[in-house]
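Scroll down for the structure; my scribbles are underneath it.
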Amino acid sequence: MTVRTRFAPSPTGYLHIGGARTALFSWAYAKKHGGQFILRIEDTDVARSTPEAVQAILDGMHWLGLDYDEGPFYQMRRMDRYKQVIQQMLDAGTAYYCYSSREELDALRESQMQAGLKPRYDGRWRPETGKVLPNAPKDVPPVVRFKNPQAGIVAWDDMVKGRIEISNEELDDLIIARADGTPTYNFCVVVDDWEMGITHVIRGDDHVNNTPRQINLLKALNAQIPQYAHLSMILGDDGQKLSKRHGAVSVMQYDEDGYLPEAVLNYLARLGWSHGDDEVFSMSQFCQWFDLDHITASAAQFNTEKLNWLNGHYIKTMDIDKLAEIVAPRLSKIVALPAVHPKLTDVLALYRERANNLNQLAADIAYFFHAPPINQADAEKHITLEVLPAIQSLYVKLESCEWAVEAINAAIQETVAQSQLKFPKVAMPLRVMLTGIAQSPSIDAVMHLMGRETVLSRVGVYCKI
RNA sequence: GUCCCCAUCGUCUAGAGGCCUAGGACACCUCCCUUUCACGGAGGCGACCGGGGUUCGAAUCCCCGUGGGGACGCCA
């Protein structure tokens, strides 16, 4: 039996970080076992589903590189099939019409809650041998309910949480078709998982409560029961549940915020799953290692600091040409590139070591491409009357020296010796003049890369007598 | 309220009864490297929720508490 997994988001919002991890684990599990990963869009909630959300999910999957073998399948396009199955169940007596109005149901729920009971449908329209049903009201379009077993237990061995048993007494007859005839979530999932041959359902643990209902439905349909693995949720950086206002941003927001998909993927893989002490690994390595035995059963808190560290790691180690490709558009947003400028890959070679964010990296190197604003505090601290004569004499040397790192360094050393200043006394003001701030890589390397013309023009500002 | 799930450093985690004086990573601190800031290197700080069992032996198994979370929709 080949493994078939699926990711089944409802298009009511972005692909957020929790959904992305669920997708990642499902994807990896299929890859690991040489099976198929299926994307299914659960869009039966017509009121809340939007094409924009569908696109956002597709974009997120694409950015992360989570490719699917089949799909995307849209549930709205399978309506006929669902209705067919509902009719079969009606005919087989495993489902029935219920004419209770919403108001009636609300009142029932209310009174049960008051009495300290779990709110459940009381089965007033459930046909039973020997039971006399009320007359169907003319003005209430009926819903279809599943005739859930009333005794016994439903149990499954969850691949993450272990054995879970629920008494059928806890369950009620869930609605599988609305009054307008459209099928509901639990029913569509069951039909789809069944007909798409899903062998492993890997999903968020907010679905644990749906599982016994789905298993009962599957049994009523004589369908194979898949394996279930329920992943615990991801909490925000502050330990709070992710929500619209609480960092539940789209994965695409991470792209916008300067993160590499490699870093996000690696981070997510390690959040709730482990392979001994391994922290940094590629997706192909992950797909070889991934299993359901090493998934943590408890919720995990998102940690941006660690993501930053991983992001830095991938920025430092990735192919430099590819890095340049990614940084270029971010740089363009900050500065218009001049006709003549240092090669981006050369600049990145000098700067990637100190970066852990693509946007920050682009901002940090912008001074190579335009005259930077000078930080006043840094200027006042380092560009002093005391050092100006030395800078002026260096300027003259730079006009004619060979334009190589060693030669530039020699010129600075010579200036240092002649002026009897310490090296930093000369290097720091240069930094500020050239980069605008007091921190940069080796000043000689920066100058070399920047080019003689730019260096002389930026230093020259301070050399007018 | 009812049902279900969860519980190791601040955070992510290793841990399948003796390998645990509880390991790694991020963060933090110190030192080294150094031409500033980073990077890198070497150290350091820091945890088994509480109580009972079971056992020669428990972070690991069981029970009870406590705390946290989820679910109880004609949402998914």
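Note on naming: letters A, B, ... go to the chains in the order of the sequence lines (proteins, then strands), and numbering restarts at 1 for each one.
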Taking 4.0 angstrom as the limit, do Glu195(A) and Arg78(A) come out as a salt bridge?
-> yes
Listed by chain and number, what are the ring-ring contact (aromatic ring centres under 6.0 Å, His included) partners of Tyr267(A), not counting sequence neighbours?
-> Phe302(A)
Span that lies between the C1' atom of C56(B) and that of G69(B), in whole angstrom = 39 Å
Could you list, one pair per line, each protein nitrogen or oxygen that sits under 3.5 Å from a nitrogen or oxygen of nucleotides 6-12 of chain B, together with the distance?
unit_1 : atom_1 : unit_2    : atom_2 : d
C12(B) : OP1    : Gln301(A) : N      : 2.9
C12(B) : O2'    : Arg270(A) : O      : 3.1
C12(B) : O2     : Lys306(A) : NZ     : 3.4

Confirm from the modelled atom types if Asp206(A) and G70(B) form a donor-acceptor pair under 3.5 Å, side chain to base only.
-> no
For nucleotides 29-49 of chain B, just jot down a letter per nucleotide in 5' to 3' order: B, S or -, based on protein non-hydrogen atoms under 4.0 Å.
-> ------BBBBS----------
List for me each residue that meets ring-ring contact (aromatic ring centres under 6.0 Å, His included) alongside Tyr259(A), sequence neighbours excluded, and say none if there are none.
-> Tyr254(A)
Is there a donor and acceptor pair closer than 3.5 Å between the side chain of Asp43(A) and the base of A76(B)?
-> no
Distance, C1' atom - from C9(B) to A59(B), rounded to whole angstrom | 13 Å
Which residues share a ring-ring contact (aromatic ring centres under 6.0 Å, His included) with Tyr96(A), sequence neighbours left out = none
Under the ring-ring contact (aromatic ring centres under 6.0 Å, His included) rule, collect the residues that match up with His207(A), sequence neighbours excluded.
-> Tyr185(A)
Output yes when Lys118(A) and Glu170(A) qualify as a salt bridge under the 4.0 Å nitrogen-oxygen rule, no when they do not.
-> yes
